[in-house]
Structure formats: C-alpha cells, structure tokens
Amino acid sequence: MTMTTVIYPVQDLAGAKAVFGALFGRAPDMDQSYYVQWDVDGQQFGLDPNGHAKGMTGPVGYHRVDDIAATVAALLAAGGAEREAAHDVGGGRLVATVADADGNSIGLMQSPW
C-alpha cells in the first residue's frame, strides 16, 4: 500500500491554485471547478473546494488499496470511524475516509487500473 494522493480542502480555489502552481512551477494536470490536481513525479496533489463541507479540516493523504470495502471494514473493526463512505469519484475510482482514534482522517483509494 502506498500513499499516492494528498487532497487539501480550500475555500479560495483560484488563490490556492495560484499558490500551488507557483510551488510546482506549472499549470495543473486537471483543472475543474470541483477539483484541481497536479501529478508530480507520480504523487498527486489535489485541491477540493468542497472539502470543508465534507468535514475536512486539513490535508488528507489517500492510500491506494486493492479492496476498499475490506480495508474500510478492517479499520472500523480496529476502532476507526467512517467519515466518508466509499463512493465513485469518476472512472471507477473509489474513495473513502476513516478517522483513527484521535480523529485523524485516513483516506483510501481504489483504482480500477
């Protein structure tokens, strides 16, 4: 399992896009009103303007897993709490978020490829 994506909740998408664009030295690879993302050497960095509404209080790292349902079940059995149920975010990619015992978010991602 590897952490491949970090998503930042943002309120000012244009402002955050300018800052991250300066950091990475280029335009984003995906630029939509609902999500902006850069792929930097295989690591994805995303900006989610709806993140705060979904309960994100800071950046969340997403770990790539083979079976998101089984991983969520294992984390819940270990005492985690579901924050965001597994759902398709496009192209068959599933994401979910589980909180650990201290309330830290653990992002999970399952890709069909």
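Only heavy atoms go into these numbers, but all of them, side chains included; no hydrogens, no water, no symmetry mates.
Just one of L94, T97, D67, L108 meets the side-chain contact (heavy atoms from CB on, under 4.5 Å) condition when paired with V72; it is L108. Residue F45 forms a ring pair (Phe, Tyr, Trp, His ring centres under 6.0 Å) with just one option from Y8, F24, F20, and that option is F24.
Residues meeting the salt bridge (charged side-chain N to carboxylate O under 4.0 Å, His left out) test with R93, sequence neighbours left out: none.
Contact check for Q37 versus D29: no side-chain heavy atoms found under the 4.5 Å cut-off.
H87 contributes atom NE2, which lies 9.0 Å from atom CD1 of I68 (distance to the nearest 0.5 angstrom). Rounded to the nearest 0.5 Å, atoms CG (D31) and CH2 (W38) are 7.5 Å apart. Rounding to the nearest 0.5 Å places NE2 of H63 at 6.5 Å from CD1 of I106.
Not a single donor-acceptor pair under 3.5 Å links the side chain of R83 to the backbone N or O of M56.
By the criterion of side-chain heavy atoms lying less than 4.5 angstrom apart, applied directly or through intervening Ile, Leu, Val, Met, Phe, Trp or Tyr residues, V40 is not grouped with V19; the two fall into different hydrophobic clusters. A single hydrophobic cluster is seen to contain both V89 and I7, as judged by linkage of ILVMFWY side chains at heavy-atom distances under 4.5 Å, directly or through other members. Cluster annotation: M30 and L13 are assigned to distinct hydrophobic clusters (Ile/Leu/Val/Met/Phe/Trp/Tyr, side-chain heavy-atom contacts under 4.5 Å, transitive).
The heavy-atom pair separating P59 from V6 by the smallest distance is CB-CG1, 4.0 Å. Smallest separation of non-hydrogen atoms from G58 and P9: O-CD, 3.3 Å. The nearest pair of heavy atoms linking G107 to V60 is N-CG1, 3.8 Å. Across V10 and A16, no two heavy atoms sit closer than the pair CG1-CB, 3.7 Å. Counting all heavy atoms, side chain and backbone alike, Y62 lies closest to A96 at CE2-O, 3.9 Å. Between G91 and W113, the closest heavy-atom pair is O-CZ3, 3.6 Å.
Contacts classified as side-chain hydrogen bond (donor to acceptor under 3.5 Å, both in side chains) and involving residues 40-51 (residues at least two apart or in different chains) are given here: T5-Q44, D39-Q44, D48-K54.
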